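Throughout, protein chains are lettered first and strands after them, A, B, ... in sequence-line order, and every chain is numbered starting at 1. Computation of the quantities below employed the complete heavy-atom set of this structure, encompassing side-chain atoms and omitting hydrogens, waters and symmetry-equivalent molecules. As the structure is a computational prediction, the values presented were derived from the model and not from experiment.
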2 protein chains.
Amino acid sequence: MTGTPLRADARRNRERLLAAAEQVFTEQGVTASTEDVARAAGVGVGTVFRHFPTKEQLIEAVYQARLSRLADLADRLAASADPGAAFAEFFTTTVEGAATKNALAEALSRAGVATSTAEVGQWLRRALGVLLTRAQETGAVRPDVTLPDLMGLLIGTSRAVEHLSDDPGARTRVVRVVLDGLRVPG
Amino acid sequence: MTGTPLRADARRNRERLLAAAEQVFTEQGVTASTEDVARAAGVGVGTVFRHFPTKEQLIEAVYQARLSRLADLADRLAASADPGAAFAEFFTTTVEGAATKNALAEALSRAGVATSTAEVGQWLRRALGVLLTRAQETGAVRPDVTLPDLMGLLIGTSRAVEHLSDDPGARTRVVRVVLDGLRVPG
DNA sequence: CGGGAACCGGAGTGATCACTCCGATAGTGT
DNA sequence: ACACTATCGGAGTGATCACTCCGGTTCCCG
C-alpha cells in the first residue's frame with residue numbers, strides 16, 4: 001500500500017495538516033478555504049495539495065480520522081460485560097462529541113456512501129453491529145431496530161444535540177428520549 | 001409594511017422565483033448558483049437580485065415559506081380533540097416531509113436564530129408550544145420535554161430520516177423509536 | 001391608444017477559490 | 001562534509017460566483 005516511507009518533515013507536515021484541517025473544518029465548516037487550513041497548519045498551500053491532491057481528499061481524510069476514532073471506541077466497548085450499558089455509553093459519547101458544526105454527523109453520513117471512506121466505514125459498521133446485536137440479545141434494545149436505523153439515529157441525534165449546544169440540560173434530555181425509544185417498548 | 005403594490009408581472013415573477021428557488025435549493029442545496037435559480041424560474045439574474053437584493057435574503061425567503069407552512073399545520077392540528085394524536089401526526093408529517101437535502105431541518109434550525117425569520121419562527125414556536133403542552137396535559141408526552149428539546153428532536157429526526165431516504169421501512173421505524181421515547185416512560 | 005414609469009434581461013465586474021509551477025530549502029545516504 | 005533529491009512556499013492561473021448597470025420591453029392610467 002505505502003510505497004516509499006515519507007521523509008521526516010513530510011510526515012510531520014502531514015499530521016499538522018490533518019490536525020489543522022480538522023479544527024478549521026469543525027469551526028468554519030468544510031467551506032473553509034484551503035489557504036485557511038494551510039495558514040492554521042503553518043505551511044504553504046502547495047504543501048496542502050502535495051499531500052492531498054484535492055480538497056475533497058483532504059475532507060475525506062479528516063472524516064476517516066473521525067470515523068476510525070469512533071470504530072475504535074466501538075471495538076473497545078464491544079468487549080464489555082454489560083452490552084446494554086456499553087451500547088448506551090457508545091451512543092451518548094458519540095452524540096456528545098458531535099456538539100459542533102455537524103462534524104461527526106457528516107462523517108457518519110458518509111460512512112455508508114463515499115468510496116474512499118469505504119474501508120473505515122465497513123470497520124465501523126461491523127463494530128457497531130456487534131454492539132447492537134449484543135444489546136438486543138440481552139433485551140436492552142428493541143429487536144426491530146436495524147444497523148442502518150441505528151446509524152441514522154446517531155446522525156440525527158448528533159444533529160439535534162448540535163442544535164442545542166448551548167444548553168447541557170436539553171442535550172442530556174434529548175439523548176435520554178432517544179435512548180428510551182430504543183429500549184424494548186411496553 | 002408593503003409600500004406600492006407590485007405590478008402584475010413583478011408579482012408573477014416573484015412567485016415563480018420563490019418556487020424555483022425552493023426546488024433548486026432542495027435538489028442541489030443552497031450552494032446552487034443564483035443563475036441556476038434564475039434559469040429554473042425562466043428569468044434573468046437581474047430579476048432575481050431586484051426581488052431579493054442578496055442571495056442570503058432569497059434563502060431566507062425560502063425558509064420563511066417552509067416555516068409558515070409548518071406553523072400553519074401546527075395551528076390546524078392544535079384544535080384537534082386528541083392532542084396526543086395531533087402531536088404525533090405533526091411530528092410524523094414534518095419529518096417525512098424533510099426527506100430531501102436537509103430542507104426542513106435547516107429551515108427549522110434557523111427558526112430560533114436568524115433575524116429575518118424571527119416573526120415566522122415565533123409563530124411556529126407558539127403553535128408548537130400549544131401542541132406540546134396539550135399533549136403533555138393529557139399524558140401522551142412525557143412532561144420533562146421542553147419546546148427547545150422538541151425542536152431539536154424535529155431537526156434531528158428529519159436529518160435521520162433524510163439519511164435513510166431510500167428505505168421507507170427504516171424511516172417509519174426511526175420515527176417510531178423517537179415517538180416512543182417521547183411518551184411517558186415506565 | 002399613447003406616454004411615462006416600472007420592470008426585464010444578460011453582458012460585464014471584482015472578488016474568491018481550488019489548483020499549478022518552479023526556484024529555494026532542508027533531509028538523507030555515503 | 002557533500003551531493004542528490006524529496007519536499008517546501010507562495011506567486012500565478014483559470015474558473016466560478018454574487019452582484020451591477022443600462023438599453024430595451026411591458027404594463028398601467030388617463
Closest to the [X] side chain: [options]?
| X | options | answer |
| --- | --- | --- |
| A/Thr47 | C/dC8, C/dC19, D/dC8 | D/dC8 |
| B/Phe49 | D/dC19, C/dC19, C/dG9 | D/dC19 |
| B/Asp9 | C/dC8, D/dT7, C/dG9 | C/dC8 |

Whole Å only: how far is the [atom1] atom of [X] from the [atom2] atom of [N]?
| X | N | atom1 | atom2 | result |
| --- | --- | --- | --- | --- |
| A/Arg11 | C/dA26 | CZ | C1' | 17 Å |
| A/Arg12 | D/dG9 | CZ | P | 10 Å |
| A/Glu56 | C/dC17 | CD | P | 17 Å |
| A/Arg14 | C/dG27 | CZ | C1' | 19 Å |
| A/Lys55 | D/dT16 | NZ | C1' | 14 Å |
| A/Phe25 | C/dC17 | CZ | P | 12 Å |
| A/Arg39 | D/dG10 | CZ | C1' | 12 Å |
| A/Leu17 | D/dT7 | CG | C1' | 13 Å |

Within the 3.5 Å criterion, strictly below it, is a donor on B/Arg66 or B/Thr26 matched to an acceptor on the partner's side chain? yes
For a quick test of reading the model, state the closest non-hydrogen atom pair linking A/Lys55 to A/Phe49 and the distance between them.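 Closest approach of A/Lys55 to A/Phe49, heavy atoms only: N-CE2, 4.4 Å.
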Taking 4.0 angstrom as the limit, do B/Asp36 and B/Arg39 come out as a salt bridge?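 So B/Asp36 pairs with B/Arg39 through a salt bridge.
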Think [X] has a side-chain N or O under 4.0 angstrom from the OP1 or OP2 of [N]?
| X | N | answer |
| --- | --- | --- |
| B/His51 | C/dC7 | no |
| A/Asn13 | D/dT7 | no |
| B/Thr34 | D/dC17 | no |

Taking donor-acceptor contacts at under 3.5 Å, does the side chain of B/Arg7 reach the base of D/dT26? yes
Residue closer to the 5' end of DNA chain D, A/Leu6 versus B/Ala8 (nearest nucleotide):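 The residue whose closest nucleotide sits nearer the 5' end is A/Leu6.
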When you match A/Glu35 and A/Arg50 each to their closest nucleotide on DNA chain D, which lands nearer the 5' end?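 It is A/Arg50, whose closest nucleotide lies nearer the 5' terminus.
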Between A/Thr146 (side chain only) and A/Asp149 (backbone N and O only), is there a donor and an acceptor less than 3.5 Å apart? yes
Member of A/Asp82, A/Thr138, A/Leu150 meeting the side-chain contact (heavy atoms from CB on, under 4.5 Å) criterion with A/Phe87: A/Leu150
